[in-house]
Amino acid sequence: MIRFLRYLKFELLLAKSALLTVPGFSATVIATLSVTLGALICIFSLNHLLLVKSLPYPNAEKLVVVQQSYASEGETYSGSQSAPGMLLWYKNQQVFDKFALVFDHKQLVADHPEQPSALINFITPEYFSLLMPKMHLGRVIDENEAIDTHQAVVVLSYQAWQKWYQSDADIIGRKTMIGHVSYKVIGVTSEHFIAPANRYNEAPDLWLPWDYQGMDVNHWGIMTRALSSIGILKPGISPQQATPSLGAMLNEKYTASEAAEGGDTASAKILTLNEVIVGDSSKTVLLLLSGVVGLLLIAVTNVTNLFLSRAAQKQRTMAIQAALGAKPNHLFIAMFAESLILSVIAGALGLLVAGWGFVLLEELAARQLPRISELGLDSATLMFTGIVVVVLSAIFAKLSSRVVNYDLLQSQLQSSGKGSGLQVSKRTRNFLIAIQVALATLLLAGASVVIEKALETALHPLGFNDDDVYYLRVDRPKGANYSPESLVEMNLLTLSIKKELENLPQVKQVSRSIKPVIFKGSNSMTLDDRDGKRVGSFAFNMVDHNYFDILELPIVEGNTFSEQKDPRYQINEIILSESLAHELAPNGDAIGKVFQLQMAQPLKVIGIAKDYYRPGMKGDYGYQRYYMPYAAFEDFGFDIKLTPGAKLSRETVLPLLLKLNAKLRIRTVISHKNQHADLIYKHKLTAGLTIVLSLLSLLLAAAGIYGVLNYSTQMRRYELGIHLALGAKTHRIINMVLKESLYPVLLGMLISAGLSVIIFIIVRQQVNFVININYIGMLSVVPIMLAVAYIACYIPIRAAISEDPIKALRNE
Amino acid sequence: MTHENVTPMTATKDRVSKKVIIEMKNLTKVFSTQDIETHALRGVNLSIYNQDYISISGPSGCGKSTLLSILGLLDSPTSGQYFIDGQDVSDLTINHRAEIRNQHIGFVFQAFNLIDELSVFDNVALPLRYREPVMSDTDIKAEVLASLAKVDMSHRCDHKPNQLSGGQQQRIAIARALVGKPTILLVDEPTGNLDSKNGDAVMAMLVKLNEQGMTICMVTHDPRYADMAMRKLHLLDGVIADEFTVNSAVSIESHIGEAK
Ligand SMILES: Nc1ncnc2c1ncn2[C@@H]1O[C@H](COP(=O)(O)OP(=O)(O)O)[C@@H](O)[C@H]1O
Ligand SMILES: [Mg+2]
């Protein structure tokens, strides 16, 4: 080993000066490898982080989440959790060592001049004893602030403390207004504490005691995905053992509640915290990994080819070395020294590229992928890089020193020194080209599917006019309950807000609504027929009569609602989307039909509105929705049509609201255009990144094919020169060489076609949903690939042909 | 050319006391390409004794280079036996052959075959780098400098080969061949790429080396230089046609004088 290292050291010195004499070769290898290694390292880190690395908490692998599942009419719903169920477990469970409740909710930092919206985790004290964050200042929420103690304290995240509290070192003991309550600051977590993020991968800004979460905790029918738990089971109790008792406890209370109908059941499900956080992102990151591995394979083929040419170039040197007693091993090490130097440089640059990739990922995908903020060049990444660099160097050295025909070395030494040079065999060359083409075609075909899907969502027309329309959402004032009197009062308030908004000079029209037209996620409510039989669960909204006007969403049949001036109105009308009307009344007689919400008053269909598209919705089912007249059941929403080009800001709106009611808080003001842009951002990003990846792989493949053919045409210059000297027309020679060159290209395409079929079959078995593949999109890869290959073949031939034949014959 | 001082090989007294270091028995070499078989060597029998100075000459294509390649273990014979120091080397692994080349053989080529990227010093040091067990850098340095001194090139240590004249390059090549203290020096047309002045200097150097005890086997088609050897082999169509032995190596001065 020491001998090996000493010899390697000598060869490294040699290789260094030798590489300096071939800057073109060195630069090409380094550029190709550093870009691909950068991408590989970046995506490897991501995979390692999400699939291997444990969460940054003590006992991370033991942390679990218990979820409620509800079964009704043969269907199981999980994800949404009821507060009474969670509290039931919290107070009565026997299986957890520690068990914490977490409710995830946004509120405004009210005493901040900009009233920013903060993501709050309402928690029981066990949360912090499970996660054990280091503190920057003060302490965590502990037993003093246990459930039902009503201690108004807040713990700030380091980031929130910096952002909103000017990094105030004396903040402990100070008060801050969150929503409508004033809390005493008791702690600031350490800069490095990474709290579990919510399902949108948002990390909490502050933590408040559970008592202030403000949900109706007695109602089993109100369920939310914002509610979750974290726990650690007692020693000796496995999740399988714990599940039945938790399930039975839940089922008993649930079936006895008003929310359960006959036959409905509830059960428990225990997942690890890691599973919950990573979710199906593992699929995404594995897909990314397979993409970069494909890219790497193309790059490796290219670089191998470059090294083969390099070996040909070094043939005489190696022959001399062999004559002086160098063994095949020595020659391998000589080649290895060169490939190692280049790979190490490329690896170092690759780490830089990867570091830049981390920043990019954090910038672009922090909302789409979990744990992105933890990405970094950790020891696993460095080790991986080291291994890849050494393995790649060894592969290049092995492959290129293998083609050196040790037995024929002597013929190199006897000639006057010019030498014919080593011929990399035609089979090897064809193989290299075929592999390049196969990999690139495969990557491109896969990419075409991804791009198509992403663009389908991103470019799909919405079906309504979002020009100059803004959405304003205002928090329901504190203290408002759901009694009929309160509802009338709130209706009145929304009408006044509407009037105030309409008085703004830039505002043309305002409609109230309880939900934005498009938003992330979906809402749905069941609809029954007049006999109380459920007809389905559909997206819905509650809107004013001019809602459809503002959005220019035509009422294709019937009428819109009548204008509500009196806050004491009865809700007895319903408008269906075209798709829902067709679903509920296939004969086209939807108008006049009567439906009802659970046991409520009849709703008569008075109109049918055109469908519109919501980005991210699944299938035609997404088009089915219904509308009812507005009532202030939830937070107040307003769709506001402005004069062309006008803008609406918090500053304009806030004074109007405070004039009406000092307790009103703005949740969001956003244009529909921006809302839409936010929603399709992820898809645009996916399409963009995939296009970049495809272009890169096309470029690499083209460069590879060019490299191989350039080399082999160089080798054939003499032969081509003779053809030319004997009077062959250039186009005949070009045709002849092109035909030979395109053979491996076609072979590669055939291989990739075979591989795609195999992959398709495997994926079909693994994934349970149907993938509709656009075969036209996939087939478009073929002409692109052919064109690129043709150009890559043509250039070197053209160059060889266009010079005087005598040059080729003299081997100048 | 006069043959007064030359006798047929049959009876040489001092030969008996010398040790056989290389022996070839009925050696053949056939090059087979797709449809042509070229019989480059057709049964060569040759014994080389310690401190011999042999020249091999013959028309182009008669198999001189092939014979030298096989002698130097750069190529393997098709049939026949080949011994170095009594050891059968006709059938060895690649690694073993490399070792023998490294320890027993010193090559000098017509085209010098120096490595352009390496300095003169590193070129000469190359055989020692492959030596096992590994030599220390100080030992390597001492050997290289000693070897360069023998060919009067110590002052050009740090030059690159392409900064030197052809004659100087060939001297560096000789220094490289000598540095590993080989059993035999194999020289293929050493003056082929040199003008006559430089050629003469190189030949004088070989004669001097032989006088100092080095065994040399040289291919040349220049009769002046062939005559400087003790044993002159004539190769024709892949067999040794005849051999003349000189009682003692002729002084180079007399030959050069004669040529002028
Ligand atoms: N690698 C080879 N493949 C085929 N034939 C060869 C090869 N090397 C040499 N020969 C043939 O062997 C014969 C002897 O060649 P060589 O030893 O180079 O002759 P010389 O050095 O005497 O001119 C020639 O006919 C030559 O064509
Ligand atoms: Mg020859």
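Below, read A as the first sequence line, B as the second, and so on, with proteins coming before strands; counting in each chain starts at 1. Being a predicted model, the structure only gives us computed values, none of them experimental. Just so you know, these numbers use all the heavy atoms, side chains as well, and skip hydrogens, waters and symmetry mates.
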Quick one: pull up [atom1] in [X] and [atom2] in [Y] and give me the separation to the nearest 0.5 Å.
X         : Y         : atom1 : atom2 : answer
Met318(A) : Ile115(B) : CE    : CD1   : 10.5 Å
Phe10(A)  : Asp137(B) : CZ    : CG    : 9.5 Å
Leu324(A) : Phe107(B) : CG    : CZ    : 8.5 Å
Tyr130(B) : Leu331(A) : OH    : CG    : 7.0 Å

Open item on the list: Could you tell me if the side chain of Lys327(A) sits less than 4.5 Å from the side chain of Glu132(B), heavy atoms only?
Closed with: yes
Could you pull out the closest heavy-atom pair between [X] and [Y], with the gap in Å?
X         : Y         : value
Ile320(A) : Leu114(B) : CD1-O, 3.9 Å
Asn102(B) : Gly325(A) : CB-CA, 3.7 Å
Ala98(B)  : Ala326(A) : CB-O, 3.7 Å

With a 4.5 angstrom heavy-atom cut-off, could you sort out which part of [X] is near chain A: side chain, backbone, both or neither?
X         : answer
Arg176(B) : side chain
Gln103(B) : neither
Ile105(B) : neither

Verify the neighbour count for atom [atom1] of [X]: are there more than 12 heavy atoms of other residues, nucleotides or ligands below 6.0 Å?
X         : atom1 : result
Asp91(B)  : CG    : no
Phe25(A)  : CZ    : yes
Asn162(B) : CG    : yes
His221(B) : NE2   : no

Task: N-O pairing of Glu11(A) and Arg129(B) below 4.0 Å - done: no
Open item on the list: Quick one: does any side-chain atom of Arg101(B) pair with a main-chain N or O of Ala322(A) as donor and acceptor, under 3.5 Å?
Closed with: yes
Open item on the list: Could you work out, with salt bridge (Lys or Arg N to Asp or Glu O under 4.0 Å) as the rule, every residue matching Glu143(B), not counting sequence neighbours?
Closed with: Lys181(B)
TODO: Identify the residues of residues 120-127 of chain B whose heavy atoms come closer than 4.5 Å to a heavy atom of chain A, ordered by number, or report 'none'.
DONE: Leu126(B), Pro127(B)
